[in-house]
Amino acid sequence: MEKMKRTVTCGGLTAKNDGQTVILNGWVHRNRDHGGIHFINLRDRYGETQIVVDEDAPAELSEKAGSLKFEYCVAVEGVVRLRPESMINTEMATGEIEVSVKDISILNTCKTLPFMIEDETDSNETARLKYRYLDMRSKGMQDRIILRNKVTYAVREYLQKSDFLEIETPTLIKSTPEGARDFLVPSRLHAGRFFALPQSPQLYKQLLMVSGFDKYFQIARCYRDEDARGDRQLEFTQIDLEMSFVSREDIFKVTEGMMRHIFSESLGVELPVQFERLSYDDAMNLYGSDKPDLRFDMKFQDFAPYVAGSDFSVFKSVLESEGTVKALVVPGAAADYSRKKITELEETAKTYGAKGLAWMKVTADGLDGGVSKFYANQAEAICSGLGATEGDLILLMGASWKTACTSLGAVRSRLGKDLKLIDESIFKFVWIIDFPLFEWNEEEEAWEPAHHMFSMPQEQYLETMEQDPGPVKGDLYDLVLNGYELASGSIRVHDPELQQRIFNVVGFPKEAAEERFGFLLESFRYGAPPHGGMAAGLDRLVMIMAGKESIKEVIPFPKNSAGMSPMDESPARVDEIQLKDLHLDVILPEETE
RNA sequence: GGAGGCGUAGCGAAGAUGGUUAUCGCGCCGGCCUGUCAAGCCGGAGAUCGCGGGUUCGAGACCCGUCGCUUCCGCCA
């Protein structure tokens, strides 16, 4: 190897290198054999270089060139030369030059590939995951993994310069009942006991604040044993940070600064100095989502004022049962939206629990189609009230507040895509603030934490928190980017008494709290500083930056949607001896005959 | 747990209303070719049409079941 060690990479040669003797190492990306002359594109992560075995090359070399198949790993020695003027490839970074080959050494051959190595593969995901090491040879995957590296580097650079300390927290921890299901790790040394893998470093970073490390961050792997989604995996990575002696504004400032640095350094995109803010209530009422995509507008409007003056009984009964009736005006969509296409929108709404989707179209003479006959007498008032004009489609949703908002929100998202209202080239950040601290669980008939139990209630609600938990807003915030929840954070509780009051509201008895979080509560009794922080999803961030819709595209070795790896076939069964060591007995679900 | 979509050669796809030997592109094998860069041209091999059952003279197609993948809901921040 020493003799044929590379002196340059496949992306490094330009016209300036004309005449130099170089050695390249890389993979055969293409091999074009023209009979007497071979053009071979040699590829590595830095780029591609065309190497040429000329017509007057020795027969042995020519034959060797002909034998090079896709993805052979080779070393090549040759002389850089300028391409003839008319042969310059302007699409290629190294397109001005080529390397005239003097010697080829085959470092390794390659079997027939399961799929071609192309810039973006359209091969099926299972094959891509099974041969992930080949999939990652593609330019697209290489670019994304490299982008991910740039992002993590920018994170560290920015936070280190802002006096943050990168500190590791344990990944074998105590299982806690809140939130998602834990991954459990059986203990060999302690029969019947289990560690859990962390869903986040939450408790430990708070303890670091108690220790006085007033600015902490970590690029932390987290685990949740829940079903996968396009933007959710069993294991994922968070940019986790926490600060002491801060208010929400300090955390916003750091996060905004960090995002600006990330985007500027890794994409060359300049973000605004401050991100927009929207209260949770407004986000839900106007966009039907706590993670609204603000790259397009189309806000909801209140349709309640027109309900009483109509015979349309569905909406009347909705309002009687304290529900909401929302209107969504879709400009100019009347002609394009046939009954069939509206039914498709209705199906979207129904997946979010809506019973139906009412509609009408605005014509020159008033309202037409759908439920228009019920509102004919108010046509003018409705159109001017909603700002609807001829050719617009009006969609109406009546349901309980949350169902009305979320289902119409889903319709809005779909319309955004269908009508191409979204400018794909922009990055639209928005802080969603003033989240409710508690959420009423209908089934369990109990209050539960909307985020987690360690978030601070806003001061004005402290008096009434126990009597009336519903309206209590927390010092809680999410950062949303292009309709994805990118980060989530809060000012934490640092007072053990207040923490206990919150546990009480969500029906978490003192004994259970002590049992689970005793170490945290105890730490609060030793001069815990006020603190707060946030955690941002690294995978999602890089996914959005890369313009992809699945975090699998930015994770080197992801699991499939069933939570398995087609490559190593994990999770796998283990042998009896291992189980015995761990004091485990496995009961498989009954096998169907 | 539920709903939709998909499953045809190594890969990507076509295959109205059931009809003889299942089609195309890429890849693979062989040959030709002196400037290509998705090179081109000629020839060849390669498919129990996911699996099981059924309807039929006849099923890739229709029916039932089942498995796998995928997206979404539930779940999860």
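We name chains A, B, ... by the order of the sequence lines, and we start the count at 1 in each one.
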Would you classify [X] as touching base, sugar-phosphate or nothing, given that sugar-phosphate means primed atoms plus P, OP1 and OP2, and contacts are heavy atoms under 4.0 Å?
{"X": "K69(A)", "answer": "sugar-phosphate"}
{"X": "E118(A)", "answer": "nothing"}
{"X": "M87(A)", "answer": "base"}
{"X": "R81(A)", "answer": "base"}
{"X": "N124(A)", "answer": "sugar-phosphate"}
{"X": "G353(A)", "answer": "nothing"}
{"X": "D33(A)", "answer": "base"}
{"X": "E91(A)", "answer": "nothing"}
{"X": "E98(A)", "answer": "base"}
{"X": "G230(A)", "answer": "sugar-phosphate"}

What's the gap between [N] and [M] when it is taken at their [atom1] atoms, as a whole Å value?
{"N": "rA77(B)", "M": "rU66(B)", "atom1": "C1'", "answer": "36 Å"}
{"N": "rG4(B)", "M": "rG60(B)", "atom1": "P", "answer": "26 Å"}
{"N": "rC69(B)", "M": "rU8(B)", "atom1": "P", "answer": "15 Å"}
{"N": "rG2(B)", "M": "rA14(B)", "atom1": "C1'", "answer": "33 Å"}
{"N": "rG46(B)", "M": "rU23(B)", "atom1": "P", "answer": "13 Å"}
{"N": "rG15(B)", "M": "rA59(B)", "atom1": "C1'", "answer": "13 Å"}

So which nucleotide from [options] ends up closest to the side chain of [X]?
{"X": "R83(A)", "options": "rG27(B), rC29(B), rU36(B)", "value": "rU36(B)"}
{"X": "N89(A)", "options": "rC37(B), rA77(B), rC69(B)", "value": "rC37(B)"}
{"X": "A562(A)", "options": "rC69(B), rU71(B), rG35(B)", "value": "rC69(B)"}
{"X": "H34(A)", "options": "rU34(B), rC76(B), rU71(B)", "value": "rU34(B)"}
{"X": "K552(A)", "options": "rG35(B), rU71(B), rC11(B)", "value": "rU71(B)"}
{"X": "R232(A)", "options": "rC75(B), rG35(B), rA77(B)", "value": "rC75(B)"}
{"X": "N560(A)", "options": "rC37(B), rU70(B), rC76(B)", "value": "rU70(B)"}
{"X": "R229(A)", "options": "rG27(B), rA38(B), rC72(B)", "value": "rC72(B)"}
{"X": "A180(A)", "options": "rC75(B), rA77(B), rA39(B)", "value": "rA77(B)"}
{"X": "D122(A)", "options": "rG12(B), rG35(B), rA77(B)", "value": "rG12(B)"}

**Asked** Ring-on-base stacking between F115(A) and rC11(B), under 5.5 Å between centres and under 30° between planes: is it there?
**Response**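 Check failed, F115(A) does not stack on base of rC11(B).
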
**Prompt:** Would H451(A) pass as stacked on rA77(B), i.e. its ring centre under 5.5 Å from the base's six-membered ring centre and planes under 30° apart?
**Reply:**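 No, the aromatic ring of H451(A) does not stack with the base.
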
[X] has an atom [atom1]; how far is it from atom [atom2] of [N], in whole Å?
{"X": "I117(A)", "N": "rG27(B)", "atom1": "CD1", "atom2": "C1'", "result": "12 Å"}
{"X": "Y131(A)", "N": "rG10(B)", "atom1": "OH", "atom2": "C1'", "result": "9 Å"}
{"X": "E344(A)", "N": "rG5(B)", "atom1": "CD", "atom2": "P", "result": "12 Å"}

Does any nucleotide pair with [N] by Watson-Crick or G-U wobble geometry, both distances under 3.5 Å, and what is it?
{"N": "rG74(B)", "result": "none"}
{"N": "rG60(B)", "result": "none"}
{"N": "rG40(B)", "result": "rC32(B)"}
{"N": "rU66(B)", "result": "rG50(B)"}
{"N": "rA45(B)", "result": "none"}

Using 30° and 60° as the class limits, which term best fits the ring planes of [X] and [Y]: parallel, tilted or perpendicular?
{"X": "H452(A)", "Y": "F454(A)", "result": "tilted"}
{"X": "F503(A)", "Y": "F517(A)", "result": "parallel"}
{"X": "F252(A)", "Y": "W431(A)", "result": "parallel"}

Considering just the side-chain nitrogens and oxygens of [X], establish if one lies under 4.0 Å of OP1 or OP2 belonging to [N].
{"X": "Q199(A)", "N": "rA77(B)", "result": "yes"}
{"X": "S561(A)", "N": "rU70(B)", "result": "yes"}
{"X": "R32(A)", "N": "rU36(B)", "result": "no"}

**Closest non-hydrogen atom pair between L479(A) and F275(A), with its separation** =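 It is CD1-CD1, 3.7 Å.
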
